[in-house]
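What follows is one structure encoded as structure tokens, with my remarks underneath.
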Amino acid sequence: METARLWREIADHDRLSIRQLAIRVTARQHFVGTPDDIADEINRHVQTDAADGFVFAPHLTLGGFDEFVEEVVPLLRERGVYRAEYREKTLRSTLGLPDQLSDTASPNVAAAMLTRGPC
């Protein structure tokens, strides 16, 4: 409850929308510098077990995501911290989930899963 109260105060004080508040309170780590600097910093986090993955938010990179993919990802691959290939072909397989809905699943459950709108 304390976190919700604090976030409410921040939003009220700075007149932030819900989206702006979410960006403010979740965008904690920024990688700034040359592609080599950024790759070094990400590698440092991985090697020290400070992180085992990162979520990059294109709405925060303002057009720099292509540059990141083209210039930083190859450096991360060279350092061995970004895979080029995966054993499994799908995320579902990687997580140990069936690739398709089971034939034994209830038709209602399958229909609900297929028609659910965005969360």
Side-chain angles (χ1 to χ4, degrees):
M1 293 302 291
E2 180 62 21
T3 300
R5 185 193 61 72
L6 177 62
W7 288 5
R8 179 64 182 252
E9 285 180 15
I10 293 169
D12 289 346
H13 181 267
D14 296 340
R15 300 175 50 120
L16 301 175
S17 69
I18 292 172
R19 178 180 183 275
Q20 291 167 326
L21 177 65
I23 290 169
R24 168 91 49 97
V25 299
T26 60
R28 292 188 174 98
Q29 178 64 49
H30 302 279
F31 296 106
V32 179
T34 67
D36 202 54
D37 292 338
I38 294 168
D40 285 343
E41 184 68 9
I42 290 172
N43 186 36
R44 184 181 66 77
H45 284 287
V46 172
Q47 299 307 321
T48 60
D49 291 328
D52 61 1
F54 296 89
V55 176
F56 293 93
H59 68 283
L60 297 175
T61 60
L62 303 176
F65 202 63
D66 290 337
E67 186 177 358
F68 178 85
V69 170
E70 293 168 4
E71 297 187 35
V72 177
V73 169
L75 296 172
L76 294 173
R77 284 186 176 151
E78 288 174 14
R79 290 165 172 80
V81 296
Y82 190 95
R83 292 185 221 171
E85 296 180 18
Y86 292 84
R87 211 174 331 160
E88 302 294 338
K89 292 185 180 192
T90 66
L91 176 60
R92 292 182 63 82
S93 294
T94 300
L95 297 174
L97 301 170
D99 283 335
Q100 297 178 4
L101 291 175
S102 168
D103 292 338
T104 62
S106 161
N108 293 335
V109 171
M113 293 174 72
L114 294 173
T115 60
R116 180 182 294 169
C119 297

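Every heavy atom of this structure was used, including side-chain atoms; hydrogens, water molecules and symmetry mates were not.
Taking all atoms of both residues into account, the shortest heavy-atom contact from His45 to Phe54 is CB-CZ, 3.7 Å. Taking both residues in full, the closest heavy atoms of Val69 and Pro74 are given as O-CD, 3.4 Å, listed atom of the first, atom of the second, then distance. Gln20 and Arg15 make their closest contact through OE1-O, 4.0 Å (heavy atoms, listed as atom of the first residue, atom of the second, distance). Contact record, Val81 with Asn43: CG1-OD1, 3.0 Å, taken as the closest heavy-atom pair. Minimum interatomic distance between Ile38 and Gly33 (heavy atoms only, all atoms of both residues): CD1-O, 3.5 Å. Smallest separation of non-hydrogen atoms from Arg92 and Pro98: NE-O, 2.7 Å.
Hydrophobic clustering, with ILVMFWY side chains joined whenever heavy atoms are under 4.5 angstrom apart, keeps Tyr82 apart from Leu75.
Atom-to-atom distance recorded for Ile42:CD1 and Asp37:CG is 11.0 Å, nearest 0.5 angstrom. One finds the CZ atom of Arg79 at 5.0 Å from the CG atom of Asp36 (value rounded to the nearest 0.5 Å). We find the CD1-CG distance between Ile10 and Leu21 to be 6.5 Å, quoted to the nearest 0.5 Å.
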Should Thr34 and Glu71 be marked as a side-chain contact (heavy atoms from CB on, under 4.5 Å) after you check the CA-CA gap, both sets of side-chain angles, and the distance that decides it?
-> CA-CA 9 Å; Thr34 67; Glu71 297 187 35; over 6 Å; no
Give the C-alpha distance, both sets of side-chain angles, the deciding distance and a yes or no for side-chain contact (heavy atoms from CB on, under 4.5 Å) between Asp14 and Arg24.
-> CA-CA 11 Å; Asp14 296 340; Arg24 168 91 49 97; 2.6 Å; yes
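At distances below 3.5 Å, not a single donor-acceptor pair connects side-chain atoms of Arg8 with backbone N or O atoms of Ala4.
The environment of Leu97 atom CG is dense: over 12 non-hydrogen atoms of other residues, nucleotides or ligands sit within 6.0 angstrom. Around atom CZ of Phe68, more than 12 heavy atoms belonging to other residues, nucleotides or ligands sit under 6.0 Å away.
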